[in-house]
Structures are given as structure tokens and as C-alpha cells.
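Worksheet: the structure to be examined is printed underneath.
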Amino acid sequence: KMPKPRPTKNSKVHYLTEDMERELLSWLNWMQRNREAKDIVECLIDLGCRVNELLNLEKRFVDFDNNQINFIDRKNDQAVAVPMTNEVGIRIYHYYKQTKDFDKLFSLNYSELNAIWQKARKDLGYADKKFYTIHLCRHTCASRLVQRGVPILLVKDWLGHEDIENTMIYAHLAPKALHSVVEVLN
């Protein structure tokens, strides 16, 4: 009996350019009632976590002493401590101070955040773009890590992928590999 072939991953990865990110954050900032959504989106872009990992994050898993967030309920059941960027630390501190240890940091749920995202998507002219989902923030983080030379195995761990194949969809974005041989042609 022959094993079933594994489906190949689509190597077409969409992510927010810096201009698209500025445009989105500006729109969220303009919509004053969406302040929490803006903070969440900024954290998603810098942390690369899944949306529900952040929305379900409890205060007790934010470690300011070690400047990291301990994600314990990941899709692959592998806990990981993800370092906080300066921006993430600033964004979540306000929520951290207002919650108790077992409380979720953010009050928005997925449906509320997605409704805000869908409004932004429409208002910003991306209504016809299937890729323009909240998950785009995760792709943006992974793409930026790879584009800036972070080894693919570290990106795998950062994202919490169980299998390197999932992370390899970003490998073509690594600038070093092809750029290292250009001198042969020069």
C-alpha cells in the first residue's frame, strides 16, 4: 500500500508592506473606539502569534522581568516564550496594569476584532482581496523576520510551527542566499 502524497503548501505568501501597515494603523487610530483593536494589531504584527493566542492571553503569562510573553496554549502544544519588542511592551502595559493574574489582557473577542478588521478592509479598499485577513499579521511578522536574516529554524520556533515545512513558505524571502552569489556575476 502506497502512502498518500502530502499536499504541498502554497508558497504564495501575502504580508503587509510597511505602507500597508501604516495605512491600517492610521485607520485604526482614526477610529477612536478601536484603540484596543489597534493595540492588538500592533502586537500581532510584532509577536507573530495566532489571533486567539493573543486574545486569550492572561496577565500571568506576561513576564516583564524577562521581557517575554509565555504562550502556553499553542496549536502544536509546545509552549514558547516570545520576546516582546519595545512596542509590544508599551502597548500591553496599560492592559497589564488593569487586570488580575487570571484575567485576559484584552476585552475584545475574535468576532469583535474581526468586525473591526472587516470594516478596515472595506474602507481601505481591500474588500476584494481574500488574503486580507487578521492572519495577515502573523504572515507579516514571519516575512519580516526572514527578510531581515533570522534563520528559518528560529522563525519556526518563534511562530510555534510543529513542522519546518510550514515555515518554509517564507524561505524564498531570505535575501542572503541569492545575494551571496551575485559577486560571481559581477
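Just so it is clear, the model here is predicted, and its values are computed rather than measured. The residues of the chain are indexed from 1 along the displayed sequence.
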Subject >> Backbone N/O of C43 and side chain of E87: donor-acceptor pair under 3.5 Å >> reply: no
Subject >> Main-chain N/O of I169 paired to H172 side chain as donor or acceptor, under 3.5 Å >> reply: yes
Subject >> Nearest heavy-atom neighbours spanning D157 and V80 >> reply: O-CG2, 3.6 Å
Original post:
Distance from H139 atom NE2 to Y170 atom OH, nearest 0.5 Å?
Top reply: 4.5 Å
Original post:
Where the side chain of N70 meets the backbone of A81, is there a donor-acceptor pair that is under 3.5 Å apart?
Top reply: no
Subject >> Main-chain N/O of D65 paired with D63 side-chain donor or acceptor, under 3.5 Å >> reply: yes
Subject >> Y15-F131 aromatic ring centre distance below 6.0 Å >> reply: no
Original post:
With under 30° as parallel and over 60° as perpendicular, where do the rings of Y93 and Y96 fit, or are they tilted in between?
Top reply: parallel
Original post:
Hey, what do you get for NZ (K122) to CG (D128), rounding to the nearest 0.5 Å?
Top reply: 13.0 Å
Original post:
Going by atom types only, do Q118 and R121 share a side-chain donor-acceptor pair under 3.5 Å?
Top reply: yes
Original post:
Do the charged groups of D101 and R60 touch, with an N to O distance under 4.0 Å?
Top reply: no
Original post:
Between R138 and L159, is there a donor-acceptor pair closer than 3.5 Å when you use the side chain of the first and the backbone of the second?
Top reply: yes
**OP:** Quick one: pull up CG in L28 and CG in L124 and give me the separation to the nearest 0.5 Å.
**Re:** 8.0 Å
Original post:
Would H14 and Y132 count as having a side-chain donor-acceptor pair, cut-off 3.5 Å?
Top reply: no
Original post:
Judged by modelled atom types alone, do E162 and N166 share a side-chain donor-acceptor pair under 3.5 Å?
Top reply: no
Original post:
Any sub-3.5 Å donor-acceptor pair from N114's side-chain atoms to Y110's backbone N or O?
Top reply: no
Original post:
So how far is it from S143 OG to L136 CG, rounded to the nearest 0.5 Å?
Top reply: 8.5 Å
Original post:
Just by modelled atom types, is the L145 backbone N or O under 3.5 Å from a matching donor or acceptor in the W158 side chain?
Top reply: no
Original post:
What distance do I40 atom CD1 and R91 atom CZ have between them, rounded to the nearest 0.5 Å?
Top reply: 12.0 Å
**OP:** Return yes if some donor-acceptor pair links the side-chain N/O of K59 with the main-chain N/O of D103 below 3.5 Å, else return no.
**Re:** no
Original post:
Is the side chain of Q98 donor-acceptor paired with the backbone N or O of Y95 at a distance under 3.5 Å, no angle test?
Top reply: no
Original post:
Within the side chain of Q68, is there an N or O that forms a donor-acceptor pair under 3.5 Å with the backbone of M84?
Top reply: no
Original post:
So, T140 versus E21: side-chain donor-acceptor pair below 3.5 Å or not?
Top reply: no
**OP:** Output the distance between atom CD1 (I92) and atom CD (E42), rounded to the nearest 0.5 Å.
**Re:** 12.5 Å
Subject >> F71 ring center near F61 ring center (under 6.0 Å) >> reply: no
Original post:
Going through the distances and angles, do C141 and I45 end up as a side chain to side chain contact (heavy atoms under 4.5 Å, CB included)?
Top reply: CA-CA 5 Å; C141 179; I45 291 169; 5.5 Å; no
